[in-house]
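Quick caveat: nothing in here was measured; it's all calculated off a predicted structure.
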Amino acid sequence: MSTITTDRSGGDRKAVLYRMVMEKHVCPYGLKSKDLLERQGFEVEDHHLTTRAETDAFKEEHGVETTPQTFIDGDRVGGYTELREHFDKHVKSKDETTYQPVIAIFSVAFLMGLAVSWAAYDTIFTLRAIEWFFAISMCLLGIQKLQDVESFSTMFLNYDLLAKRWVPYGKIYPFGETLSGLLMIAGTLTFISAPIALFIGTIGAISVFYAVYVQKRELKCACVGGGSNVPLGFVSLTENLVMIGMGLWMPVRMLVWGA
């Protein structure tokens, strides 16, 4: 087995990187490893593995199963994940819970509500901006579920009281949420959008409250799709309360302002 060394002198820190760079495939983790090393102040001795045979020979020689591989001061650090750990960077585990999808959805929905308000009224300070924020949030959350309805409905069955009694409801729910949000954005057919939002929001709120706060169960929330690691609780309850609120508000708005 060959020995890989790096400069131990007082000059710039050096690292040796072996990564796949082929005609039809450039390893993304190799690129990320190179970028991370450079951002950490390393001069990278970048070796390209240009064929499958060359890659297999490298892995056999160094007793590794994957590439890229980084060497610092003659010691093998490992792949991209190990490199992040070497620099004390956060490494996300497969089952790690996160609120990032929810934060992204509600942040973008809020900005979209302001943008639509500006386009319609030349100001962001309107009541409609708040309505659009909630309605757009419903649509974005609906899109997340519609990406994989089967996966969503399966996760949904863990806690939704109506879906447990009538399984098809889990597949209808995303379409109802999205349709209701779209109609509320348009400000039309309130007699359809409001009852849908009120119904699914009420059932959802009761289901989440019962599962989390009564049964004390620790579940993943299906609110941003079946593949999410968002914990069931406040977020899903908020989603359902928003739908309840919009289901009650839109008819009042129509009766008072006529639009």
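- Between the side chain of S117 and the backbone N or O of G113, no donor-acceptor pair lies under 3.5 Å.
- Contact record, C139 with T178: SG-O, 3.8 Å, taken as the closest heavy-atom pair.
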side-chain contact (heavy atoms from CB on, under 4.5 Å) between V64 and F58, intermediate numbers included
CA-CA 8 Å; V64 297; F58 170 83; 4.3 Å; yes
Kindly determine whether R253 and M184 satisfy side-chain contact (heavy atoms from CB on, under 4.5 Å), including the steps that lead there.
CA-CA 11 Å; R253 178 183 178 280; M184 289 178 180; over 6 Å; no
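- Here OG of S137 is found 11.0 Å from CE of M243. Values are rounded to the nearest 0.5 Å.
- Contact detail for S236 and N240: the closest heavy-atom pair is O-ND2, 2.8 Å.
- Minimum interatomic distance between G170 and F156 (heavy atoms only, all atoms of both residues): CA-CD2, 3.7 Å.
- The 12-atom threshold is not exceeded at CD of E218, counting heavy atoms of other residues, nucleotides or ligands nearer than 6.0 Å.
- No continuous path of ILVMFWY side-chain contacts below 4.5 Å connects L198 to F175, so the two sit in separate hydrophobic clusters.
- Of the possible polar contacts, none joining the R76 side chain to the H62 backbone as a donor-acceptor pair under 3.5 Å is found.
- The CD1 atom of I196 lies 10.0 Å from the CG atom of L189; values are rounded to the nearest 0.5 Å.
- At least one side-chain heavy atom of T66 sits less than 4.5 Å from a side-chain heavy atom of Q69.
- When side chains are defined from C-beta on, L183 counts as touching T188, because their heavy atoms get closer than 4.5 Å.
- With contacts defined as side-chain heavy-atom distances shorter than 4.5 Å, the pair S180/M138 qualifies.
- Here OG of S193 is found 11.0 Å from CD1 of I185. Values are rounded to the nearest 0.5 Å.
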Yes or no on side-chain contact (heavy atoms from CB on, under 4.5 Å) for V16 and T70, after CA distance, side-chain angles and deciding distance?
CA-CA 6 Å; V16 178; T70 298; over 6 Å; no
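- In this structure, R13 contributes its side chain and I72 its backbone to no donor-acceptor pair below 3.5 Å.
- Hydrophobic cluster membership for V21: V26, L31 (Ile, Leu, Val, Met, Phe, Trp, Tyr linked by side-chain heavy atoms under 4.5 Å, directly or transitively).
- Annotation: side chain of L17 is not in contact with side chain of F42 (no heavy-atom distance under 4.5 Å).
- Distance alone, capped at 3.5 Å, places no donor-acceptor pair between the D56 side chain and the A53 backbone.
- A donor-acceptor pair is defined here as one N or O able to donate and one able to accept, closer than 3.5 Å; no such pair exists between the side chain of T190 and the backbone of P251.
- Residue pairs meeting the ring pair (Phe, Tyr, Trp, His ring centres under 6.0 Å) criterion with at least one member in residues 188-213, sequence neighbours excluded, are F209-Y213.
- Note: H47 and F71 fail the aromatic proximity criterion, with ring centroids not under 6.0 Å apart.
- Remark: K164 NZ is packed, more than 12 non-hydrogen atoms of other residues, nucleotides or ligands lying under 6.0 Å away.
- Between L111 and V108, every side-chain heavy-atom pair lies at or beyond the 4.5 Å cut-off.
- Here the straight-line distance linking atom CD of E239 with atom CG of L141 works out to 4.5 Å at 0.5 Å rounding.
- In this view, S153 and E150, K171 satisfy the side chain to side chain contact (heavy atoms under 4.5 Å, CB included) rule, not counting sequence neighbours.
- The two atoms that bring H25 and P28 nearest to each other are CE1-CD, 4.2 Å, heavy atoms only.
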Any chance you could lay out the side-chain contact (heavy atoms from CB on, under 4.5 Å) test for L140 and I143, step after step, and finish with the verdict?
CA-CA 5 Å; L140 295 181; I143 290 171; 4.3 Å; yes
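- Looking at residues two or more places apart in sequence or on another chain, you find no ring-ring contact (aromatic ring centres under 6.0 Å, His included) involving F106.
- M22 places none of its side-chain heavy atoms less than 4.5 Å from the side chain of H48.
- Using cut-offs of 30° and 60° for the angle between ring planes, the Y169 and Y173 rings count as perpendicular.
- Both V256 and M250 belong to a common hydrophobic cluster when Ile, Leu, Val, Met, Phe, Trp and Tyr are linked at side-chain heavy-atom distances under 4.5 angstrom.
- The CD1 atom of I130 sits 10.5 Å away from atom CE of M246, with the distance rounded to the nearest 0.5 Å.
- In this structure, V149 is not a member of the same hydrophobic cluster as Y159, with clusters built from ILVMFWY side-chain heavy atoms closer than 4.5 Å.
- No side-chain donor-acceptor contact under 3.5 Å links E38 to the backbone of D35.
- Proximity of Y18 to T67: side-chain heavy atoms (C-beta onward) are nowhere separated by under 4.5 Å.
- Put simply, CD on E85 and NE2 on H90 are 10.5 Å apart, with the number rounded to the nearest 0.5 Å.
- Contact between L36 and K89 at its shortest, heavy atoms only, is CD1-CE, 4.4 Å.
- Closest of all the heavy-atom pairs between P68 and S33 is CG-OG, 3.7 Å.
- Considering only residues two or more places apart in sequence or on other chains, P174 meets the side chain to side chain contact (heavy atoms under 4.5 Å, CB included) condition with K145, L146, F152.
- Counting heavy atoms from C-beta outward, Q40 and H86 have side chains that stay 4.5 Å or more apart.
- When the side chains of ILVMFWY residues are joined at heavy-atom separations under 4.5 Å, either directly or via intervening members, M112 and L182 end up in two distinct hydrophobic clusters.
- Hydrophobic clustering (ILVMFWY, side-chain heavy atoms < 4.5 Å, transitive): V167 and I200 are in distinct clusters.
- Applying the ring pair (Phe, Tyr, Trp, His ring centres under 6.0 Å) test to residues at least two apart or on different chains, the pairs with a partner in residues 113-151 are F110-F133.
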